[in-house]
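Reviewing the structure listed below.
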Protein chains: 2
Amino acid sequence: MNKTISDTIEEFIMASLDDDDFIELSRNDLAKFFSCVPSQINYVLNTRFTVNRGFVIESQRGGGGYIKIVRMQDNNNNFLTNALNMCTQPLSLTEGAQIINHMVERRLISEREAELIKSTISVKALNNPINIDNKLRSNILAQVIIKLMKGDFK
Amino acid sequence: MNKTISDTIEEFIMASLDDDDFIELSRNDLAKFFSCVPSQINYVLNTRFTVNRGFVIESQRGGGGYIKIVRMQDNNNNFLTNALNMCTQPLSLTEGAQIINHMVERRLISEREAELIKSTISVKALNNPINIDNKLRSNILAQVIIKLMKGDFK
DNA sequence: TTATACTGACTTTCTTTGACCTTTGATTTT
DNA sequence: AAAATCAAAGGTCAAAGAAAGTCAGTATAA
């Protein structure tokens with residue numbers, strides 16, 4: 001709907017990151033460019049360019065100061081590999097949900113997708129005779145992760 | 001039978017949905033336009049634009065907040081009830097995939113979501129001792145369907 | 001008289017702003 | 001040359017603002 005200044009600034013930075021894996025900018029200049037207070041730049045950085053979303057911020061104060069925004073490449077591969085690893089062990093419902101939540105934080109999946117996946121490893125879904133729920137849960141989650149790793153969606 | 005404000009608002013939103021599958025609007029603006037309190041918009045949404053009637057609502061608070069109303073492709077209740085019914089019986093991988101594909105056709109889920117869900121009922125995911133795969137598969141799919149029916153996504 | 005509609009106070013969430021703080025490189029003093 | 005000062009960045013945080021959500025009470029239509 002009505003884009004906020006923060007959204008616009010986010011877009012601008014994203015676009016700047018299209019070509020390169022990092023950009024360096026002046027907080028004051030950027031603020032002036034968007035006619036906002038400098039601290040709004042920090043707000044955008046803190047809410048949108050977080051580590052969870054795959055960015056790292058470096059900066060320097062004082063004369064000649066700057067802000068550098070770096071897009072981590074390979075960010076999610078490590079995470080996914082790690083998550084997949086956890087799935088070699090049986091997982092409780094809570095543990096499984098935790099992994100899924102992290103996927104959302106990292107923007108690998110949407111809230112909606114998360115809820116769908118959670119329902120696939122719910123107690124009800126795994127309602128089966130013997131107590132192999134946890135093993136099954138990790139199995140199922142592992143397949144979802146593999147799918148995400150491959151990323152071969154149409 | 002006199003039209004209420006709620007009816008008028010409903011009509012307005014319906015008309016807006018004529019062209020597109022979704023609209024985004026500002027609760028405050030709409031309330032102002034119809035000279036009612038903002039919470040009346042919620043009332044209309046809660047009573048008329050329910051999942052049962054084939055709508056999904058998304059929203060965001062705070063500055064730049066909005067309300068998004070999405071029309072699901074025709075009313076899917078019959079379809080979902082039917083699918084859920086199939087899930088009382090064991091399902092082969094092919095049968096499961098078929099149901100999922102239909103969900104995509106009906107725009108209940110995206111291609112991406114479909115692939116994620118397919119991976120949860122894949123042979124690999126259900127790789128467990130005895131041959132209760134098919135029962136498990138229908139169980140899992142049933143939970144996904146129930147989730148979709150409830151539509152209680154954040 | 002019951003179900004539906006309306007209202008408004010209060011809550012939660014996200015954004016914007018500004019006052020004050022810290023760091024740093026450059027410049028001036030001693 | 002070392003110490004002191006200064007100005008130019010960037011950082012923090014809390015308060016104010018802007019939307020939307022909730023819920024319980026009241027009013028009204030059937």
Side-chain angles (χ1 to χ4, degrees), chain A residues 1-14 16 22-53 55-70 101 104-105 107 110-112 114-115, chain B residues 1-14 16 22-53 55-70 150-154:
Chain A
M1 169 107 267
N2 266 330
K3 259 188 302 191
T4 64
I5 300 184
S6 290
D7 292 335
T8 312
I9 297 172
E10 178 187 5
E11 270 174 31
F12 176 85
I13 295 175
M14 279 303 198
S16 309
F22 74 94
I23 51 162
E24 241 181 63
L25 46 84
S26 138
R27 188 180 80 144
N28 283 341
D29 288 355
L30 197 59
K32 218 167 279 169
F33 185 72
F34 286 108
S35 322
C36 66
V37 293
S39 59
Q40 177 131 25
I41 307 300
N42 297 81
Y43 175 74
V44 174
L45 260 30
N46 291 330
T47 54
R48 278 109 157 138
F49 293 87
T50 65
V51 173
N52 273 344
R53 294 191 188 183
F55 300 92
V56 177
I57 309 294
E58 295 166 51
S59 68
Q60 182 103 112
R61 304 180 183 195
Y66 61 90
I67 293 182
K68 186 175 176 184
I69 302 161
V70 187
N101 288 149
V104 175
E105 276 171 32
R107 294 290 171 105
S110 68
E111 283 275 0
R112 196 181 126 96
E115 300 216 32
Chain B
M1 146 254 242
N2 273 330
K3 248 194 305 187
T4 65
I5 299 184
S6 290
D7 292 335
T8 313
I9 297 173
E10 178 187 5
E11 271 173 30
F12 176 86
I13 294 175
M14 279 304 199
S16 310
F22 74 94
I23 52 163
E24 243 181 59
L25 46 84
S26 137
R27 189 181 78 145
N28 283 343
D29 289 355
L30 199 59
K32 219 167 278 168
F33 186 72
F34 287 108
S35 321
C36 65
V37 293
S39 59
Q40 177 133 22
I41 306 301
N42 297 81
Y43 175 75
V44 174
L45 260 30
N46 290 330
T47 54
R48 278 113 158 134
F49 294 87
T50 65
V51 173
N52 276 344
R53 297 196 185 177
F55 299 92
V56 178
I57 309 293
E58 294 167 54
S59 69
Q60 180 105 83
R61 304 180 184 194
Y66 61 88
I67 294 182
K68 186 175 175 185
I69 303 162
V70 187
K150 288 191 187 163
D152 53 351
F153 300 104
K154 257 156 279 158

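First the proteins, then the strands, lettered A, B, ... as listed; each starts at 1.
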Does a salt bridge link E105(A) with R53(A), judged by any charged N lying under 4.0 Å from a carboxylate O?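 Salt bridge between E105(A) and R53(A), a charged N being under 4.0 Å from a carboxylate O: no.
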
Suppose we screen for salt bridge (Lys or Arg N to Asp or Glu O under 4.0 Å). Which residues come up paired with R48(B), at least two apart in sequence or across chains?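 So R48(B) forms a salt bridge (Lys or Arg N to Asp or Glu O under 4.0 Å) with D7(B), E10(B).
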
State whether a side-chain donor-acceptor pair under 3.5 Å links N42(A) with R27(A).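 N42(A) vs R27(A): donor-acceptor pair found between side chains.
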
Under 4.0 Å between a side-chain N/O of [X] and OP1 or OP2 of [N], yes or no?
X: N28(B); N: dA20(D); value: yes
X: S59(A); N: dG11(D); value: yes
X: N42(B); N: dG21(D); value: yes

Mind checking [X] for me? I need base, sugar-phosphate or nothing, with any heavy atom below 4.0 Å counting as a touch.
X: I41(A); result: nothing
X: S26(A); result: sugar-phosphate
X: G62(A); result: base
X: Y66(B); result: sugar-phosphate
X: S6(B); result: sugar-phosphate
X: G63(B); result: base

Send over the distance from [X] [atom1] to [N] [atom2], rounded to a whole Å.
X: E24(B); N: dA19(D); atom1: CD; atom2: P; result: 14 Å
X: I57(A); N: dT12(D); atom1: CD1; atom2: P; result: 12 Å
X: N46(B); N: dT22(D); atom1: CG; atom2: C1'; result: 10 Å
X: R27(A); N: dG10(D); atom1: CZ; atom2: C1'; result: 5 Å
X: Q40(A); N: dA16(D); atom1: CD; atom2: C1'; result: 14 Å
X: N2(B); N: dA30(D); atom1: CG; atom2: C1'; result: 12 Å

Considering only heavy atoms from C-beta outward, does the side chain of [X] approach that of [Y] to under 4.5 Å?
X: L45(B); Y: F55(B); answer: no
X: V70(B); Y: E58(B); answer: yes
X: Q40(B); Y: S6(B); answer: yes

Would you mind telling me which residue lines up with the more 5' stretch of DNA chain C, D7(B) or C36(A), judged by nearest nucleotide?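 So the residue in question is D7(B).
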
Could you say whether T4(A) or R48(B) is positioned toward the 5' end of DNA chain C, judged by the nucleotide with the nearest heavy atom to each?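 Looking at the nearest nucleotide for each, R48(B) comes out on the 5' side.
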
Contact interval (first through last nucleotide) of DNA chain C with protein chain B, 4.0 Å heavy-atom: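 Endpoints of the contacted stretch of DNA chain C: dT4(C) to dT15(C).
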
State the CZ-CG distance between F34(A) and L30(A), to the nearest 0.5 angstrom.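 Taking CZ in F34(A) and CG in L30(A), the distance rounds to 5.5 Å.
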
